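Quick caveat: nothing in here was measured; it's all calculated off a predicted structure. Side chains are part of it too, since the values below use all heavy atoms of this structure and drop only hydrogens, waters and symmetry mates. Order of the sequence lines fixes the chain letters, A, B, ..., with proteins taken first and strands second; residue numbering starts at 1 for each chain.
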Amino acid sequence: EADIYQTPRYLVIGTGKKITLECSQTMGHDKMYWYQQDPGMELHLIHYSYGVNSTEKGDLSSESTVSRIRTEHFPLTLESARPSHTSQYLCASSETDRANYGYTFGSGTRLTVV
Amino acid sequence: DAKTTQPTSMDCAEGRAANLPCNHSTISGNEYVYWYRQIHSQGPQYIIHGLKNNETNEMASLIITEDRKSSTLILPHATLRDTAVYYCIVRAFSGGSNYKLTFGKGTLLTVNP
């Protein structure tokens, strides 16, 4: 049973459209993360948040933006989608002060921009 | 965080033990070894972690060498559903601090019937 939810699971959208990928978790975790992964390639951290009203850019530069207004919700937005944004986007969360278990990941959103 | 080196791919027969090695020769004293796996582009799944002692849970065992420069993840009886990319990650943890996980290329384990 998933405790972190991503919607939509798959999205095909035209160039120039604005899109928001949703990520919600019910575990009360204060830390949340977005990773981007192209097929067969490594996961790259693009955004993270250590709590409400806290967001940081990750190791891989991304044109997307994120917000963290509520603990359980960490949406990712692309203002104007381009074919280069085609990828899988994975959301994760973790607790503070817990070495155990590390991250819990969602099932991902596979985005295709045509 | 220390760098890790893993083989690109490995094969294992169904029902046999799968032993996945990881080299982390620059690991420092406060760094943990974590293992995750990713099945067919789903979100990665936590498997096990350890600091210096060997660890076992319902999924796997983790053997860390005495000098901590390498470790082995053991799946005792591999099944076809264990086919996945396995990531070995080393990172520091000092209670109360923030941390990020960096994933490398991992090892693609293929379990054959």
Side-chain angles (χ1 to χ4, degrees), chain A residues 1-7 9-10 21 23 25 27 29-51 54-60 86-112, chain B residues 1 3-6 8-9 27 29-53 55-60 62 64 73 83-110:
Chain A
E1 184 174 337
D3 296 313
I4 182 163
Y5 305 92
Q6 290 187 245
T7 57
R9 185 73 178 91
Y10 300 92
L21 307 185
C23 177
Q25 50 97 3
M27 298 170 284
H29 287 173
D30 52 348
K31 303 187 197 317
M32 296 188 75
Y33 313 83
W34 277 103
Y35 285 83
Q36 182 176 344
Q37 184 179 34
D38 293 334
M41 305 298 285
E42 300 170 48
L43 288 91
H44 293 285
L45 180 68
I46 53 173
H47 297 284
Y48 60 99
S49 167
Y50 289 150
S54 152
T55 61
E56 302 287 343
K57 290 193 177 296
D59 305 320
L60 179 69
T86 294
S87 190
Q88 175 163 250
Y89 294 84
L90 289 154
C91 181
S93 70
S94 67
E95 295 182 69
T96 302
D97 298 344
R98 288 290 301 267
N100 297 332
Y101 303 111
Y103 289 16
T104 301
F105 277 85
S107 298
T109 292
R110 192 173 296 277
L111 173 66
T112 303
Chain B
D1 296 335
K3 183 182 161 98
T4 62
T5 304
Q6 298 178 254
T8 303
S9 63
I27 193 170
N30 67 340
E31 289 185 310
Y32 283 73
V33 180
Y34 283 79
W35 283 85
Y36 283 75
R37 73 179 182 184
Q38 186 175 26
I39 298 173
H40 191 56
S41 294
Q42 296 176 23
Q45 175 191 24
Y46 164 86
I47 301 173
I48 200 167
H49 77 284
L51 183 61
K52 55 177 94 170
N53 297 322
E55 302 288 344
T56 296
N57 63 20
E58 65 278 3
M59 289 182 69
L62 173 61
I64 302 174
L73 178 75
T83 292
V85 177
Y86 287 77
Y87 299 98
C88 170
I89 302 166
V90 169
R91 72 150 193 86
F93 176 78
S94 52
S97 69
N98 298 320
Y99 62 91
K100 298 175 285 179
L101 284 180
T102 300
F103 290 80
K105 297 185 188 305
T107 296
L108 172 61
L109 174 69
T110 303

Just so I understand: if I count every heavy-atom pair under 4.5 Å between each of A:Tyr35, A:Phe105, A:Tyr48 and chain B, which residue has the most?
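Heavy-atom pairs under 4.5 Å are most numerous for A:Phe105.
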Test side chain to side chain contact (heavy atoms under 4.5 Å, CB included) applied to A:His29 - qualifying residues, sequence neighbours left out
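Side chain to side chain contact (heavy atoms under 4.5 Å, CB included) list for A:His29, sorted by chain: A:Gln25, A:Met27, A:Ser93, A:Glu95, A:Thr104.
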Show, in sequence, the C-alpha distance, side-chain angles and deciding distance for A:Leu60 and A:Gln36, and conclude whether the side chain to side chain contact (heavy atoms under 4.5 Å, CB included) test is met.
CA-CA 9 Å; A:Leu60 179 69; A:Gln36 182 176 344; 4.2 Å; yes
Heavy-atom distance under 4.5 Å to chain A: side chain of B:Gln38, backbone, both or neither?
side chain
Are any of the side-chain heavy atoms of A:Ile46 and A:Tyr89 separated by less than 4.5 Å?
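SC-SC contact between A:Ile46 and A:Tyr89 confirmed.
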Taking the inter-plane angle between the rings of B:Tyr34 and B:Tyr36 on a 0 to 90° scale, is it parallel (under 30°), tilted (30 to 60°) or perpendicular (over 60°)?
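Correct class here is parallel.
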Heavy-atom cut-off 4.5 Å, strictly under: side chain, backbone, both or neither for A:Leu90 against chain B?
side chain
